[in-house]
Amino acid sequence: MTLSLAGFDHVRLPGTDGVELAAAVGGSGSPVVLLHGFPQTHLMWRHVAERLAGEHTVICPDLRGYGASDKPAATGPEVYSKRAMAADVVALAAALGHERFALVGHDRGALVAFRAGLDHPETLTHLGLLDVVPTLDMWDVLHGVSAAVGYHLFLMAQPPGLPEMMIANSADVFFGSFLDAWAGEPAAVPEPVRAAYLRACAAAVPSIVADYRASAGIDVTHDQADRDAGSQLAMPVTVVQQDWGARLGYDAAAAWQAWAPDLDHRLTRAGHFMAEEAPDEITGAIRDLLLR
């Protein structure tokens, strides 16, 4: 089994602050950037990207701190803020000659995409977000015993040192537990792909923790400032997610509507790794979004 995107070029391009991102680039037509989630790399888009490449230029980077992209030391909270990671994506697209593009993110990549939509509204034509809740809403809905589903959010929010040590000492078990628990269809992440994810995560423990730590600190500050200012996403937005509202007791569509007036909110029966489990469904949702 190939562990690259068939027919795609693999390149390294500048982000911001001297960070370089690894990316797979293929296809032709209007540009679509796809951002991966946790505990994955750009490889999670292998099915969707190949479907979209017949109609679009498809760009699949590894986020700052993940996969083959640079992993700068977290010398301050801003290094792994979603603001910095979103700026990376805008810079990468510009390096490829794309001043405007559609952006779709899954999980951590969706939080980066959300921030890009708020910070760079003139750059994004469309925004797709898969199986995530905005940071402020995420912390609001995690309460009581139901918060156990997000225990890793609390673990990696702790001050530097202990989380990194605990995770590094059991990296395959830790990261593998999410691949097991969150998969609706385990066969959608075959063993070679799983092994690639685990290798990539084990090599990136400090930066992955720093990414999550930012979501309990500086990202909250940035999102709260936008909420206080009444900022909203100006472009068409599609959200596809599992029925987290029913599981955690909140109105997921209403939470997104507050941020995205032009919203198509969809629920899926696929598991968290929906781009791998249900690539036709996700490709269809992206195509629908790009027609709006």
Exercise. Who pairs with Y250 by ring-ring contact (aromatic ring centres under 6.0 Å, His included), at least two apart in sequence or on another chain?
Worked result: none
Exercise. Can you tell me if D226 and S231 form a side-chain donor-acceptor pair at under 3.5 Å?
Worked result: yes
Problem set entry | Residue pair S30, H56: steps toward the side chain to side chain donor-acceptor pair (under 3.5 Å) verdict | CA-CA 5 Å; S30 60; H56 301 279; 2.8 Å; yes
Exercise. Does CZ in R269 sit with more than 12 non-hydrogen atoms of other residues, nucleotides or ligands closer than 6.0 Å?
Worked result: no
Problem set entry | Contacts of type ring-ring contact (aromatic ring centres under 6.0 Å, His included), residue H120, not counting sequence neighbours | none
For this session: Taking the side chain as every heavy atom from C-beta outward, state whether F174 and H152 have any atom pair closer than 4.5 Å.
Result: yes
Problem set entry | For D262, all residues meeting salt bridge (charged side-chain N to carboxylate O under 4.0 Å, His left out), sequence neighbours excluded | R292
Problem set entry | Non-hydrogen side-chain atoms of I286 and H126 separated by less than 4.5 Å | no
Exercise. Do we get R108 above Y212's six-membered ring, with its NZ or CZ under 6.0 Å from the centre and within 45° of the axis?
Worked result: yes
Exercise. Are C60 and L5 close enough that some pair of their side-chain heavy atoms sits under 4.5 Å apart?
Worked result: yes
For this session: Applying ring-ring contact (aromatic ring centres under 6.0 Å, His included), name anything that partners W244, two or more places apart in sequence or on another chain.
Result: none
Exercise. Which residues satisfy the ring-ring contact (aromatic ring centres under 6.0 Å, His included) test with F175, sequence neighbours excluded?
Worked result: F38
Exercise. Is the backbone N or O of T41 less than 3.5 Å from a side-chain atom of D62, with the two atoms forming a donor-acceptor pair by type?
Worked result: no
Exercise. In Å, rounded to the nearest 0.5 Å, how long is the span from CG of L155 to CG of L162?
Worked result: 7.5 Å
For this session: Look at R266 together with D288 and state whether they make a salt bridge at an N to O cut-off of under 4.0 Å.
Result: yes
Problem set entry | Rounded distance [0.5 Å steps], CD in E78 versus OG1 in T221 | 12.0 Å
Problem set entry | Residue pairs fulfilling side chain to side chain donor-acceptor pair (under 3.5 Å) with at least one residue in residues 167-192, sequence neighbours excluded | D180-R194
For this session: Answer yes or no: is there a side-chain heavy-atom contact under 4.5 Å between H10 and S4?
Result: yes
Exercise. Any side-chain donor-acceptor pair under 3.5 Å between D137 and W256?
Worked result: no
Exercise. What do the steps show when you test L92 against D88 for side-chain contact (heavy atoms from CB on, under 4.5 Å), and what is the final call?
Worked result: CA-CA 6 Å; L92 177 145; D88 282 342; over 6 Å; no
Exercise. Are the aromatic rings of W139 and F154 close, with centres under 6.0 Å apart?
Worked result: yes
Exercise. Could you give the distance from CG (L63) to CG (D107), rounded to the nearest 0.5 Å?
Worked result: 10.0 Å
Exercise. Are L96 and L35 grouped together when hydrophobic residues (ILVMFWY) are joined by side-chain heavy atoms under 4.5 angstrom apart?
Worked result: yes
Exercise. Considering all heavy atoms of both residues, which atom of S215 and which atom of T135 are nearest to each other, and what is their separation?
Worked result: O-CG2, 3.4 Å
For this session: Determine whether more than 12 heavy atoms belonging to other residues, nucleotides or ligands lie under 6.0 Å from atom CE of M235.
Result: yes
Exercise. Can E277 and H272 be said to form a side chain to side chain donor-acceptor pair (under 3.5 Å), step by step?
Worked result: CA-CA 8 Å; E277 297 177 33; H272 180 65; over 6 Å; no
Exercise. Would you call D211 and R213 a salt bridge, using N to O less than 4.0 angstrom?
Worked result: no
Exercise. Hey, what's the ring geometry for Y151 with F178, parallel, tilted or perpendicular (30° and 60° as the breaks)?
Worked result: parallel
For this session: Taking only Lys NZ, Arg NE, NH1 and NH2, and the carboxylate oxygens of Asp or Glu, determine whether R83 and D219 approach each other closer than 4.0 Å.
Result: no
Exercise. Would you call D119 and K82 a salt bridge, taking side-chain N to carboxylate O under 4.0 Å as the test?
Worked result: no
For this session: Would you mind reporting whether Q241 and L130 have side-chain heavy atoms less than 4.5 Å apart?
Result: no
Problem set entry | Trace of the side-chain contact (heavy atoms from CB on, under 4.5 Å) decision for I59 with V32 | CA-CA 6 Å; I59 304 161; V32 181; over 6 Å; no
Exercise. What distance separates L127 CG from L289 CG, expressed to the nearest 0.5 Å?
Worked result: 7.5 Å
Seminar exercise, completed: One should read off an interatomic distance between L136 CG and Q224 CD, to the nearest 0.5 angstrom, of 5.0 Å
For this session: Please determine, by modelled atom types, if R64 and T16 share a side-chain donor-acceptor pair under 3.5 angstrom.
Result: yes
Exercise. Between R46 and E276, is the closest basic N to carboxylate O distance under 4.0 Å?
Worked result: yes
Problem set entry | Distance-only donor-acceptor check, side chains D131 and Q242, under 3.5 Å | yes
Problem set entry | Working for side chain to side chain donor-acceptor pair (under 3.5 Å), residues E281 and T268 | CA-CA 9 Å; E281 177 185 354; T268 180; 2.9 Å; yes
Exercise. Taking atom NE2 of H36 and atom OH of Y66, what is their separation to the nearest 0.5 Å?
Worked result: 7.0 Å
